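I have placed the structure first, in the form of structure tokens, so that the comments after it can refer back to it.
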Protein chains: 2
Amino acid sequence: MAASIRDVAREAGVSVGTVSNVLNRPEIVAAGTVARVTQAIEQLGFVRNDAARQLRAGRSTSFGLVVLDTRNPFFMDLAHGAQRRAIDDGYTVLMGGSDDSPQREHSILEMFEEHRVAGVLISPVDTDLTQLWRLRQAGIPVVLVDRGSSDRSFSSVSVDDVEGGRIAARHLLELGRRRIAFVGGPLGIKQVSDRVNGATSVVAETSGATLEVRETRALSVLEGRRIAEEIIALPADRRPDAVFAANDLLAMGVLQAFVMTGSLRVPEDIALIGYDDIDFASAAVVPITSVRQPAVEIGATAVGLLLSEAQAGADATREQIEFTPELVVRASTVGGA
Amino acid sequence: MAASIRDVAREAGVSVGTVSNVLNRPEIVAAGTVARVTQAIEQLGFVRNDAARQLRAGRSTSFGLVVLDTRNPFFMDLAHGAQRRAIDDGYTVLMGGSDDSPQREHSILEMFEEHRVAGVLISPVDTDLTQLWRLRQAGIPVVLVDRGSSDRSFSSVSVDDVEGGRIAARHLLELGRRRIAFVGGPLGIKQVSDRVNGATSVVAETSGATLEVRETRALSVLEGRRIAEEIIALPADRRPDAVFAANDLLAMGVLQAFVMTGSLRVPEDIALIGYDDIDFASAAVVPITSVRQPAVEIGATAVGLLLSEAQAGADATREQIEFTPELVVRASTVGGA
DNA sequence: TCACTCTTTTGAAACGCTTCAATAACGACT
DNA sequence: AGTCGTTATTGAAGCGTTTCAAAAGAGTGA
């Protein structure tokens, strides 16, 4: 059906090798020949077959990106950064969302491996990283995004989540809040547990302060709403005076539930802080205080590491890059602001 | 480096054909042989090479999806719907964002064609659809998403945007607003112009009502802010009393500018209505009234059409499916609500 | 024992591309 | 005229699959 390089060669009266050269290194082909071949390509509407090209080359010209949630603006920004950086170097980014499911993560990675991607960027759900080791062994560089590699065995681009947790908790404590509820999960996700730990450490140093963890099944708006309803249902004396949500989606869900039911005023009755600082956080009913992560930059940097690791081959040096999170104060914690 | 089917065959003491059969139609292979081959696969860590597979098959097992903006939650929801439906049938979805640029759209489509995707879903920026015709001629089915095919030459899944425009305008007029500003663009995008036309037709029937179009360069929050600043700068007597934004991102930008500068109250001084009803619209500072489009369903339905068109081959019947938009009233138009 | 099924397995032929050693063409210089 | 460089082109090999006609086994009944 579709024209092949062979058809083009026949049409232009040259050999297939020459057509291939016109496609890939036109500078080594005589100008007249280039013209004739180009003309034939036009004529036949020839389009290169990527599968054949890759088969020959042995590796694809795409990177794979696995994120926790394709509908989370934070990850979309991250993907955007990755894509931009990749395009500059002639690469393409394939994205898959694991939706917090290890099985789904597994099958996405399997797909990437079958595709012989040039590298994998991943924000893992699965605590077990053996599949990633396997990938590397198969010659596919792996870079962790939005989470560090505790034993430095993988390159990574992350934000110091423990510090982020500390920043959030400290902010709430400085405002005089003492009964903090942490909303987030699954706790198996390192980013989440790091944030809890950071918060816990700060709370522990403050007398009279407590931190209660309410684990969610996902980092979504819906889960936020669910937990908020639980909180609303609590008797007033057992109710927290501040909520630290593991990400802005959860924070928005929490906020919606509080505002809609009109049961609790933010921040008067209960302060709220999120994480990520997605664009929508600032536009919320009550603009949400958040701990900012530079999503676009993380994505771009990660692709950079991938490129250099791909270049260097098997014995590349692993590099851990860590950004510092930044507090963005808004009305959800400081009423007047 | 990586093990091939040939290595597996040697290890298991069978021919390559048999290994392939174990992989693809295990039921025709003797149980003992299957076991031996599976064992060898495990042993060698063999992973199928997708490029070779596709080369042989002639077509990929992925669909391509081209959207206007990968960071717009509406399109992410659409993509999500598409992906879910596709996975059920063993397909994968590749996504690219045209960012309102015809060139970028062109190059994404080219990439998809080189990839020999099994079909293309597209929300086109380019008014010139010849490239899509070319694709179809090359045997790749094409389905338009979020926009109809006026001459019925393509299958499509859309929402009646003219009606959506009417609904929005009618709502504003019923609230007594008369000076409406339409914010959106580029007007070359059919969804946008349809919405303008719908609104215009309703406004024309109402004496004393006017509609002024303010074209944007993109459908983004930033552009919304820019236009809002223009509006704020207007002398009070030339200022509109309502804004109809072509999508919720613009509406959020507009809202942010109004609220932050504190110059105009929504909806008292100026009413605001958006389009798409993305999740974040309801969580905005002032919850935004919007015209809802069923994003997830559109994506899923479109993949359905693609599947049946791919099945049917060249002379498939084109089908145009049109959803009806739905008004969702919130505080940005009706203060008390 | 032979002819005939029915089930398994085999091995070679593509699929469309890139690469690379070999060849051809053509002046320029001896 | 012959030799040497340069520059342009050729054509075959091979990447890892799948497919398919053919071969090989294994029963069965005569």
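Chain identifiers are assigned alphabetically (A, B, ...) following the order of the sequence lines, protein sequences preceding nucleic acid strands; residue numbering begins at 1 within each chain. The shown structure was predicted, so the numbers you read here are calculated from the model rather than taken from an experiment.
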Practice task
Output the single nucleotide from dT9(D), dT9(C), dG16(C) whose closest atom is nearest the side chain of A30(A).
Solution key: dT9(D)
Problem - Side chain of R53(B) (C-beta onward), nearest among dT18(D), dT19(C), dT10(D) - result: dT18(D)
Fill in the blank from the handout: Contacts of R56(B) and N24(A) projected onto DNA chain C by closest heavy atom; the upstream (5') one is R56(B)
Exercise for the section: May I ask you to decide whether R71(A) forms a salt bridge with D77(B), counting only side-chain N to carboxylate O separations under 4.0 Å? Expected result: yes
Practice task
For R48(B), report the nucleic acid contact type (base, sugar-phosphate, nothing); a contact means any heavy atom under 4.0 Å.
Solution key: sugar-phosphate
Problem - Spacing between R116(B) atom CZ and dG16(C) atom C1', to the nearest angstrom - result: 9 Å
Fill in the blank from the handout: note: R10(B), atom CZ; dG16(D), atom C1'; distance rounded to Å ~ 13 Å
Problem - Carboxylate-amine/guanidinium contact R48(B) E113(A), below 4.0 Å - result: no
Practice task
Enter the distance from L305(A):CG to E309(A):CD here, rounded to the nearest 0.5 Å.
Solution key: 7.5 Å
Exercise for the section: State which of dT9(C), dT10(D), dG16(C) makes the closest approach to the side chain of A52(A). Expected result: dG16(C)
Problem - dT9(C) phosphate, OP1 or OP2, under 4.0 Å from T33(B) side-chain N/O - result: yes
Problem - D50(B) CG to dC15(D) P, straight-line distance once rounded to whole Å - result: 19 Å
Practice task
Starting at atom CD of E27(A), determine the distance to atom P of dA8(D), rounded to an integer number of angstrom.
Solution key: 11 Å
Handout entry: 5'-most by nearest nucleotide on DNA chain D - N21(A) or I5(B)
Key = N21(A)
Exercise for the section: Name the nucleic acid region contacted by S4(A), choosing base, sugar-phosphate or nothing; use a 4.0 angstrom heavy-atom cut-off, strictly under. Expected result: sugar-phosphate
Problem - d(CG, L23(A); C1', dC17(C)) in whole Å - result: 10 Å
Handout entry: F46(A) side chain reached by V19(A) side chain, heavy atoms, under 4.5 Å
Key = no
Exercise for the section: In whole angstrom, give the distance that lies between atom CZ of R25(A) and atom P of dT7(D). Expected result: 15 Å
Handout entry: Separation of atom CD1 in I28(B) from atom P in dT19(D), rounded to whole Å
Key = 10 Å
Fill in the blank from the handout: Of the candidates dT9(C), dT10(D), dC15(C), the side chain of T18(B) sits closest to dT9(C)
Practice task
Select base, sugar-phosphate, or nothing to describe what G17(B) touches, counting heavy atoms under 4.0 Å on all strands.
Solution key: base
Problem - Gap between atoms CG and P, on D7(B) and dC15(D) respectively (whole Å) - result: 11 Å
Handout entry: Nucleotide nearest F46(A) (side chain, heavy atoms from C-beta), chosen from dT10(C), dT17(D), dC17(C)
Key = dC17(C)
Exercise for the section: Flag the pair R10(B) and D7(B) as a salt bridge only when some basic side-chain nitrogen lies within less than 4.0 angstrom of an acidic carboxylate oxygen. Expected result: yes
